[in-house]
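A single structure is presented below for examination.
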Amino acid sequence: IEFEQRGLLGLVTLNRPKALNALTHEMAVALDAQLQSWAVDNAIRTIAIQASGDRAFCAGGDIRALYDWGQARDPQVIRFYHDEYLLNARIKNYPKPYVAFVDGIVMGGGVGVSIHGSHRAFTERAVFAMPETGIGLFPDVGGSYFLPRCPGQTGIYLGLTGARVKVDDALALGLATHAIRSDAIAGYLDQLAAGRHPDDVLPKAITQGPLMAMRSLIDQCFSADRVEDILTSLAASTDPSAFEIHQTLLTKSPTSIKVTLRQLRAGAQLDFADCMRMEFRMTNRFMTGHDFYEGVRAIIIDKDQAPKWQPASLADIDEKSVGAYFSALEHELAL
């Protein structure tokens with residue numbers, strides 16, 4: 001991660017292009033410290049964050065490191081989440097404009113360092129997703145807060161299925177605030193460095209893409225409070241998209257989708273700080289469970305794409321075990 005003062009702009013560059021700019025613990029800690037410094041620096045008017053390469057803004061947290069720490073029962077795995085969530089909260093509450101130039105893939109931890117900023121400019125190459133249920137986890141980094149606040153049930157759909165959206169739908173969902181061309185980023189940075197406010201620099205756009213065209217199906221099927229009822233609604237639907245969504249959900253960790261649905265319903269009623277405290281409780285439980293490690297093994301390490309979830313079916317998961325993911329910790333996240 002690189003930091004630069006360019007005129008009145010504090011510029012952050014994620015610089016791990018070969019790793020799709022995946023966020024390490026050290027990167028998160030360094031960014032948090034730099035943001036604290038810039039917040040009280042009168043020579044800095046605006047913050048911008050960009051990334052190297054043309055494939056990804058940031059494809060997520062360093063999942064392999066989390067896997068290794070967790071398997072070794074190294075407390076570093078919880079320190080990573082602790083520090084990452086503090087960073088997410090700092091960005092959410094930042095006193096100066098914070099502009100994320102999202103060019104390429106943005107998932108998981110990359111969403112955490114972009115979507116909470118005041119301005120999220122997506123390019124034609126941007127691809128957003130929160131795919132955590134596919135690796136036995138849940139949509140964290142504030143997903144509890146921003147997903148339930150997407151229109152209708154679209155955020156619930158995104159959180160459970162891990163579906164990908166591009167700039168047109170990202171705008172309609174409120175995930176992006178502006179649409180830009182990737183080749184225009186350098187010019188926008190120059191204008192911000194000269195002291196112009198992002199509102200006067202970034203172009204306005206209103207659009208919608210294929211996801212919003214499915215809005216009625218999503219709202220109808222994902223309004224239920226039980227995953228089983230969502231699956232039943234999808235199975236009964238005559239909409240041609242329903243079958244594919246149904247099949248997608250069946251590939252996810254049953255524990256993850258049950259816990260995620262409760263998480264997102266709860267997050268709709270919580271403020272941002274309470275969402276992050278809830279997610280920290282959940283992280284502590286997932287890191288001592290089975291499915292995260294099995295999901296990472298199957299998708300990232302062995303790449304056999306055949307995780308063996310435990311429990312293997314929704315019917316084997318009772319509400320008490322789901323509730324345990326949300327119970328109080330001895331050391332809660334202090335914001």
Side-chain angles (χ1 to χ4, degrees), residues 1 14-16 18-36 56 58-91 107-113 130-144 162 252-256 259-260 263 275-311 321-322 324-335:
I1 190 166
L14 305 177
N15 192 24
R16 297 183 71 208
K18 290 182 180 178
L20 301 182
N21 296 311
L23 190 72
T24 66
H25 188 195
E26 291 78 12
M27 291 164 70
V29 170
L31 178 54
D32 191 56
Q34 187 63 66
L35 290 177
Q36 290 183 64
C58 176
D62 192 342
I63 294 295
R64 182 56 196 263
L66 294 170
Y67 175 92
D68 291 340
W69 288 328
Q71 288 283 69
R73 295 292 183 258
D74 186 332
Q76 180 76 3
V77 70
I78 296 301
R79 283 198 292 271
F80 176 97
Y81 284 108
H82 175 274
D83 294 342
E84 183 184 29
Y85 293 176
L86 293 184
L87 170 62
N88 299 152
R90 189 172 310 284
I91 295 169
M107 299 181 182
V111 174
V113 297
M130 293 296 285
E132 290 81 3
T133 59
I135 57 165
L137 202 53
F138 67 98
D140 66 334
V141 296
S144 307
K252 308 303 182 185
S253 157
T255 296
S256 287
V259 173
T260 293
Q263 165 207 357
C275 281
M276 298 312 299
R277 293 185 189 101
M278 175 177 69
E279 291 183 14
F280 190 61
R281 292 178 176 185
M282 297 168 68
T283 288
N284 273 265
R285 276 52 190 246
F286 272 97
M287 290 303 105
T288 58
H290 168 272
D291 277 8
F292 169 70
Y293 302 102
E294 173 60 11
V296 174
R297 179 207 64 75
I299 307 302
I300 295 172
I301 298 175
D302 295 339
K303 297 184 171 66
D304 58 28
Q305 312 300 317
K308 306 278 192 301
W309 306 122
Q310 294 179 6
S321 63
V322 172
Y325 283 83
F326 301 87
S327 59
L329 297 167
E330 181 180 354
H331 301 291
E332 300 278 9
L333 183 68
L335 293 174

NZ on Lys308 to NE2 on His290, rounded to 0.5 Å: 10.0 Å
Show your reasoning for whether side-chain contact (heavy atoms from CB on, under 4.5 Å) applies to Thr24 and Met27. CA-CA 5 Å; Thr24 66; Met27 291 164 70; 3.1 Å; yes
For Tyr85 and Thr283, which heavy atoms make the closest approach, and how far apart are they? OH-OG1, 2.8 Å
Hey, does Ile91 have a side-chain heavy atom less than 4.5 Å from the side chain of Val113? yes
Could you tell me whether a side-chain N or O of Gln76 sits under 3.5 Å from a main-chain N or O of His25, the two making a donor and an acceptor? no
Going by salt bridge (Lys or Arg N to Asp or Glu O under 4.0 Å), name the pairs with one or both residues in residues 298-307, residues two or more places apart or in two chains. Arg297-Asp302, Arg297-Asp304
Any sub-3.5 Å donor-acceptor pair from Gln34's side-chain atoms to Leu31's backbone N or O? no
Mind running salt bridge (Lys or Arg N to Asp or Glu O under 4.0 Å) on Asp83 and Arg79 for me, showing each step along the way? CA-CA 6 Å; Asp83 294 342; Arg79 283 198 292 271; over 6 Å; no
Using side-chain hydrogen bond (donor to acceptor under 3.5 Å, both in side chains) as the criterion, list what pairs up with Asp62, not counting sequence neighbours. none
Taking all non-hydrogen atoms of both residues, which atom of Pro311 and which atom of Pro254 are closest, and how far apart? O-CG, 3.8 Å
Does any N or O in the side chain of Asn88 come within less than 3.5 Å of the main-chain N or O of Gly112, such that one atom is a donor and the other an acceptor? yes
Between the side chain of Ser256 and the main-chain N/O of Leu137, is any donor-acceptor distance below 3.5 Å? yes
Measure the OG-CZ distance between Ser144 and Arg277 for me, rounded to the nearest 0.5 Å. 13.0 Å
With distance as the sole test, does Tyr293 use its side chain to make a donor-acceptor pair with the main-chain N or O of Met287 at under 3.5 Å? yes
Atom pair CD1 (Ile135) and CD1 (Ile300), whose distance is rounded to the nearest 0.5 Å: 5.5 Å
Stepwise, does the side-chain contact (heavy atoms from CB on, under 4.5 Å) test hold for Leu66 with Phe292? CA-CA 10 Å; Leu66 294 170; Phe292 169 70; 4.1 Å; yes
Checking Asp74 now: which residues fulfil salt bridge (charged side-chain N to carboxylate O under 4.0 Å, His left out) with it, not counting sequence neighbours? none
Interatomic spacing from SG in Cys275 to CG in Leu333 - rounded to 0.5 Å: 12.0 Å
Write down the atom of Leu23, the atom of Gly109, and the distance for their closest heavy-atom approach. CD2-O, 4.2 Å
Please determine which of Tyr81, Phe280, Phe286 meets the ring pair (Phe, Tyr, Trp, His ring centres under 6.0 Å) test together with Phe138. Phe286
Would you give the length of the straight line joining atom NE2 of His82 to atom CE of Met276, rounded to the nearest 0.5 angstrom? 11.0 Å
Does the side-chain contact (heavy atoms from CB on, under 4.5 Å) test come out yes or no for Thr255 and Trp309, once each step is laid out? CA-CA 8 Å; Thr255 296; Trp309 306 122; over 6 Å; no
Where do Ile1 and Ala30 come nearest, in terms of heavy atoms and distance? CG2-CB, 4.1 Å
Are the side chains of Met107 and Met130 in touch, meaning some heavy atoms are under 4.5 Å apart? no
Could you verify whether a donor N or O on one side chain and an acceptor N or O on the other, from Ser327 and Arg285, lie under 3.5 Å apart? yes
Validation row: Leu14, Cys58 side chains within 4.5 angstrom (heavy atoms): yes
Minimum-distance pair of heavy atoms, taken over all atoms of Glu84 and Asp140: OE1-OD2, 4.4 Å
Rounded at 0.5 Å granularity, tell me how far CG in Asp32 sits from CZ in Arg90. 4.0 Å
Are any of the side-chain heavy atoms of Pro139 and Gln263 separated by less than 4.5 Å? yes
Just by distance, do the side chain of Glu279 and the backbone of Gly143 share a donor-acceptor pair under 3.5 Å? yes
Determine, stepwise, if the pair Val259 / Met282 fulfils side-chain contact (heavy atoms from CB on, under 4.5 Å). CA-CA 9 Å; Val259 173; Met282 297 168 68; 3.5 Å; yes
